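See below for the structure under consideration.
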Amino acid sequence: MPFITANDITLHVRVTGPKDAALTLVFVNSLGTDFRTWDEVLAHLAPKAPGVRFVCYDKRGHGLSDLGDSITMADHVADLAALLDLLGAKRTVVLGLSVGGQIALGLSAARPDLVAGLILSNTAHKIGTPEMWATRIRTIEDEGIEALATPILERWFSAGFRDGFPTQLAGYRNMLIRTPVQGYTGTCAAIRDTDFTLAAESVTVPALCICGEEDGSTPPALVAEMAALIPGSSLETIAKAGHLPGIEFPDEIAHHVALHLDRIKESLA
């Protein structure tokens, strides 16, 4: 089932694991990426999480999914809700990275019936300033994503990864610059207009927050600020990682995710 129509748009989707699983784990990726960024995490996680169904999808304006008529945070949240409804997912853990984490927070507020747990990686209740996003949007509209590719990659990955894995870095640069401009800038505007402080304070399910020690997009202090808002949340810092720790340290991310899934299973028992 590589494609599915949800919320009146076509989404690129990959579903693995048993349909009757007790838990569904859905991965929501970051700005300028597609769901292939989760491949290594899944490879490490699947043996640690038997009986869990895994859902990856490209949000609107990214990867092979439609742009849609508009791109707002409400659109992203509604897309995910519609997808999970179509899949019949009742107990879902949402693992969201960056804007994906904001989508996860938005879903927990809008559709708490769908959400059994949250894993909020390298994200925050509010990211950046209106001025920062306006500058980024204007530059990309005028010059294309490639004009900002180098500083974006410097925030995505630690210096050690950039120096040690030039081939992988080139591949992720391709992923970034091939993102549809409308999808990228529309999601920038969605992040700009989002403040999920109240949503974070209202979380009632087990929540794990993850940050990268060298994250230049959502620094550890910002992730910790969000974690402090979420009742009962835990916080893990991935040493020497940038904004996409699942690419740099997939085994460590899989370890923390598996432990959190176990905690959620215990809470539901």
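Keep in mind that what you see is a predicted model, and the values were worked out from it rather than measured. Values below: every heavy atom of this structure, side chains too, minus hydrogens, waters and symmetry copies.
- Taking CD1 of Ile145 as the reference point, atom CD1 of Ile177 lies at 8.5 Å (rounded to 0.5 Å).
- Using a 4.5 Å cut-off on side-chain heavy atoms (C-beta onward), Val52 and Val93 make no contact.
- If you chain together hydrophobic residues whose side chains sit under 4.5 Å apart, Phe249 and Leu169 fall into the same group.
- With Trp38 contributing its side chain and Gly246 its backbone, the two residues share no donor-acceptor pair below 3.5 Å.
- When the side chains of ILVMFWY residues are joined at heavy-atom separations under 4.5 Å, either directly or via intervening members, Val115 and Leu198 end up in two distinct hydrophobic clusters.
- Ring to ring, His12 and Phe3 are close: their centroids are under 6.0 angstrom apart.
- Under the 4.5 Å side-chain heavy-atom criterion for grouping Ile, Leu, Val, Met, Phe, Trp and Tyr, Ile137 is not connected to Val181 through any hydrophobic cluster.
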Carefully, step by step, assess Phe54 and Leu45 under the rule side-chain contact (heavy atoms from CB on, under 4.5 Å).
CA-CA 10 Å; Phe54 303 111; Leu45 178 60; 3.8 Å; yes

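- Judged purely by atom type and a 3.5 angstrom limit, Asp75 uses its side chain to pair as donor or acceptor with the backbone of Thr72.
- Residue Asp79 holds its CG atom at 11.0 Å from CG of Leu84, rounded to the nearest 0.5 Å.
- Paired with Trp156 under the rule side-chain contact (heavy atoms from CB on, under 4.5 Å), one option of His243, Arg162, Arg173 passes, and it is His243.
- Distance alone, capped at 3.5 Å, is enough to place a donor-acceptor pair between the Ser233 side chain and the Ala227 backbone.
- Among Asp34, Asp39, Asp58, the one residue that satisfies the salt bridge (Lys or Arg N to Asp or Glu O under 4.0 Å) test with Arg14 is Asp39.
- The main-chain N or O of Asn122 is found under 3.5 Å from a side-chain atom of Thr218 such that the two form a donor-acceptor pair.
- Residues Phe157 and Ile152 share a single hydrophobic cluster, defined by chaining ILVMFWY side chains whose heavy atoms lie under 4.5 Å apart.
- Residue Gln168 qualifies as enclosed at atom CD: its count of foreign heavy atoms under 6.0 Å is above 12.
- In this structure, the separation between OG on Ser121 and CZ on Phe27 is 11.0 Å, given to the nearest 0.5 Å.
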Apply side-chain hydrogen bond (donor to acceptor under 3.5 Å, both in side chains) to residues His76 and Thr187 and explain how you reach the verdict.
CA-CA 9 Å; His76 285 310; Thr187 301; 3.2 Å; yes

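- The line from CD1 of Ile210 to NE2 of His256 is 6.5 Å long, rounded to the nearest 0.5 Å.
- Following chains of ILVMFWY side-chain contacts shorter than 4.5 Å, one cannot reach Ile71 starting from Leu11, and the two form parts of different hydrophobic clusters.
- Heavy atoms from other residues, nucleotides or ligands lying under 6.0 Å from CD of Glu213 number more than 12.
- Distance check: Leu268 CG to Arg91 CZ gives 4.5 Å after rounding to the nearest 0.5 Å.
- More than 12 heavy atoms of other residues, nucleotides or ligands shown are found within 6.0 angstrom of CG on Asn174.
- Surrounding CZ of Arg155 are more than 12 heavy atoms belonging to other residues, nucleotides or ligands, all under 6.0 Å away.
- Residues Val28 and Tyr57 meet the side-chain proximity criterion, which asks for heavy atoms closer than 4.5 Å.
- In this structure a side-chain-to-backbone donor-acceptor pair under 3.5 Å is missing from Glu236 to Cys211.
- Between the CD1 atom of Ile247 and the CD atom of Glu40 there is a distance of 9.5 Å, given to the nearest 0.5 Å.
- Annotation: Arg178, atom CZ; neighbour count of heavy atoms from other residues, nucleotides and ligands within 6.0 Å does not exceed 12.
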The test is side-chain hydrogen bond (donor to acceptor under 3.5 Å, both in side chains); show your working for Ser158 and Glu248 and say whether it passes.
CA-CA 8 Å; Ser158 66; Glu248 296 193 66; 2.5 Å; yes

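- Between the side chain of Asp215 and the backbone N or O of Ser217, at least one donor-acceptor pair lies under 3.5 Å.
- Within the 3.5 Å criterion, the main-chain N or O of Val77 finds no donor-acceptor partner in the side chain of Lys59.
- For the pair His260 (side chain) and Pro206 (backbone), a donor-acceptor distance under 3.5 Å is present.
- In this structure, the side chain of His62 does not engage the main chain of Tyr184 through any donor-acceptor pair within 3.5 Å.
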